Amino acid sequence: MPTTQFDRDSMARWYAREHLKTDPGIEWIHYLPTDAGDREIRFIELNTLLADRTDDALEPIDFGIEMGSDNEHKLYVLDVTQNQWTRLQSGELALPSGWSLDDGVAYTK
Amino acid sequence: MNQYQQLWWQQAACDHAAFQEMRGQGFAQCHTLQFLQMASEKIAKAYFWRSGSPPPRSHAGFVQFLRFLGQIRQPERDRIAALFTFGRFADFQNWIYSVQPIAYALERATPDLANNGPNPEYPWPHAEPQFTPSTHEFEVWAQLKSGSGRHLMRVIEIAVEEFSKYADT
């Protein structure tokens with residue numbers, strides 16, 4: 001079990017900056033700390049280059065980082081299209097289980 | 001590397017070998033493109049399996065793979081940049097940014113992500129087919145033959161061949 005201090009908010013800020021720096025498709029990133037674990041960073045990334053999807057299940061990618069080390073943490077990334085984001089906001093699409101938009105922090109280019 | 005990564009890596013390598021064979025033999029673009037897309041998707045999923053959790057079932061994932069390579073933390077940055085033939089990690093990040101549009105186009109080269117348009121497997125549009133993959137000149141294939149595209153194909157090749165050197169990074 002990791003024992004070192006983990007500054008989730010500053011790590012999230014750093015990841016958001018790196019993602020915006022390396023992917024021209026990302027318009028903005030919402031960091032969603034509400035109900036997330038202490039070592040868990042959840043992102044929704046609005047992606048303008050992503051092919052539009054018709055499936056209704058939104059699945060984030062679980063990107064484990066430094067697994068097995070004292071710095072182990074999880075980064076979950078959910079890319080959404082503008083259409084999916086609109087449907088999420090209207091409640092037509094559901095967020096992944098346990099996720100909440102409350103108190104989200106936005107990062108933009 | 002865990003056992004799940006090993007399995008996905010093996011399949012990515014097999015798909016990539018088929019891609020190289022087809023490219024060398026002058027197969028139709030649709031087949032060559034399809035195997036490159038499959039190899040890129042599978043090496044991405046091999047990488048995502050590092051968490052021990054299954055990645056989404058969608059054919060998507062390659063662009064996130066490049067994005068995640070671009071967020072690797074110190075002290076691994078110089079090693080990863082060198083592995084992919086870049087002198088500095090900042091150069092690798094800038095290259096990823098510039099090549100992502102081609103990566104997105106490659107990712108969309110599947111029937112379910114092509115929005116009823118050009119794809120390497122089925123005639124389109126679905127309801128009233130007017131085109132067939134076997135004779136189609138794919139825009140993404142032209143992009144892949146450009147300087148940036150060739151570099152992307154080289155990076156995919158390295159990603160497959162050298163997977164064990166960065167699978168846990």
Side-chain angles (χ1 to χ4, degrees), chain A residues 6-7 10-27 29 37 39-41 43-81 83-84 96-97 107 109, chain B residues 1-2 4-5 44-45 47-77 89-117 119 167-169:
Chain A
F6 180 69
D7 187 340
S10 76
M11 232 24 250
R13 190 165 52 246
W14 186 82
Y15 283 127
R17 200 179 309 131
E18 296 299 295
H19 285 198
L20 290 165
K21 193 195 295 182
T22 53
D23 197 327
I26 301 172
E27 196 77 16
I29 296 171
R39 288 176 174 263
E40 183 182 319
I41 296 168
F43 280 168
I44 288 183
E45 307 196 357
L46 183 78
N47 195 322
T48 57
L49 291 179
L50 209 59
D52 212 357
R53 317 286 164 89
T54 53
D55 50 319
D56 286 339
L58 297 179
E59 292 181 273
I61 292 176
D62 168 3
F63 195 68
I65 294 169
E66 301 192 31
M67 305 294 285
S69 80
D70 281 350
N71 291 319
E72 177 177 334
H73 56 281
K74 295 267 192 181
L75 171 62
Y76 287 95
V77 176
L78 178 64
D79 279 61
V80 295
T81 64
N83 179 38
Q84 286 176 317
S97 178
Y107 297 103
K109 287 178 180 169
Chain B
M1 185 189 319
N2 62 44
Y4 309 119
Q5 291 183 286
K45 288 180 174 169
Y47 193 50
F48 298 153
W49 264 109
R50 66 212 291 282
S51 69
S53 301
R57 286 178 185 272
S58 161
H59 288 298
F62 182 53
V63 296
Q64 285 91 349
F65 168 71
L66 292 177
R67 192 187 309 158
F68 287 142
L69 285 179
Q71 68 160 39
I72 280 172
R73 300 167 65 200
Q74 295 290 14
E76 297 285 2
R77 291 193 151 196
F89 194 78
D91 295 336
F92 185 38
Q93 286 183 312
N94 291 337
W95 175 81
I96 291 172
Y97 188 89
S98 69
V99 85
Q100 276 287 52
I102 303 177
Y104 277 98
L106 177 61
E107 185 176 271
R108 283 193 293 268
T110 63
D112 67 334
L113 297 180
N115 284 332
N116 211 16
N119 74 88
D168 298 319
T169 302

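None of these values were measured; they are calculated from a predicted model. The chains referred to below are lettered A, B, ... by the order of the sequence lines, with proteins before strands, and numbering in each begins at 1.
- Once rounded to the nearest 0.5 Å, the distance linking CD1 of Ile65(A) with CZ of Phe68(B) reads 7.5 Å.
- Within 6.0 Å of the CZ atom in Arg73(B), the count of heavy atoms belonging to other residues, nucleotides or ligands exceeds 12.
- Contact count versus chain A (heavy atoms, under 4.5 Å) is highest, among Ser98(B), Pro56(B), Ala60(B), Gly70(B), for Pro56(B).
- Residue Tyr4(B) qualifies as open at atom OH: its count of foreign heavy atoms under 6.0 Å is 12 or below.
- The distance from atom OG of Ser58(B) to atom CD of Glu59(A), rounded to the nearest 0.5 Å, is 8.5 Å.
- In this structure, Leu66(B) CG and Asp23(A) CG are separated by 8.5 Å, a value rounded to the nearest 0.5 Å.
- With a 4.5 Å cut-off on non-hydrogen atoms, Leu69(B) does not touch chain A at all.
- The aromatic rings of Phe48(B) and Phe63(A) lie perpendicular to each other, with more than 60° between the two planes, well past the 30° mark.
- Ranked by heavy-atom pairs under 4.5 Å with chain B, the list His19(A), Lys74(A), Met67(A) is led by His19(A).
- Taking each heavy atom of Gly64(A) and Ser51(B) in turn, the nearest pair found is N-CB, 3.4 Å.
- In this structure the side chain of Thr48(A) never reaches within 4.5 angstrom of the side chain of Tyr104(B), judged on heavy atoms.
- In this structure, the portions of Arg50(B) lying under 4.5 Å from any heavy atom of chain A include both its backbone and its side chain.
- The OG1 atom of Thr169(B) sits 10.0 Å away from atom CD of Glu66(A), with the distance rounded to the nearest 0.5 Å.
- Taking CD of Glu107(B) as the start and CG of Leu49(A) as the end, the distance is 10.0 Å to the nearest 0.5 Å.
- Residue Leu20(A) touches chain B through its backbone alone, counting heavy-atom pairs closer than 4.5 Å.
- Between atom CH2 of residue Trp95(B) and atom OG1 of residue Thr22(A) there is a gap of 11.5 Å, rounded to the nearest 0.5 Å.
- Each of Gln71(B), Gln93(B), Arg67(B) was checked for a side chain to side chain donor-acceptor pair (under 3.5 Å) with Glu18(A), and the lone residue meeting it is Gln93(B).
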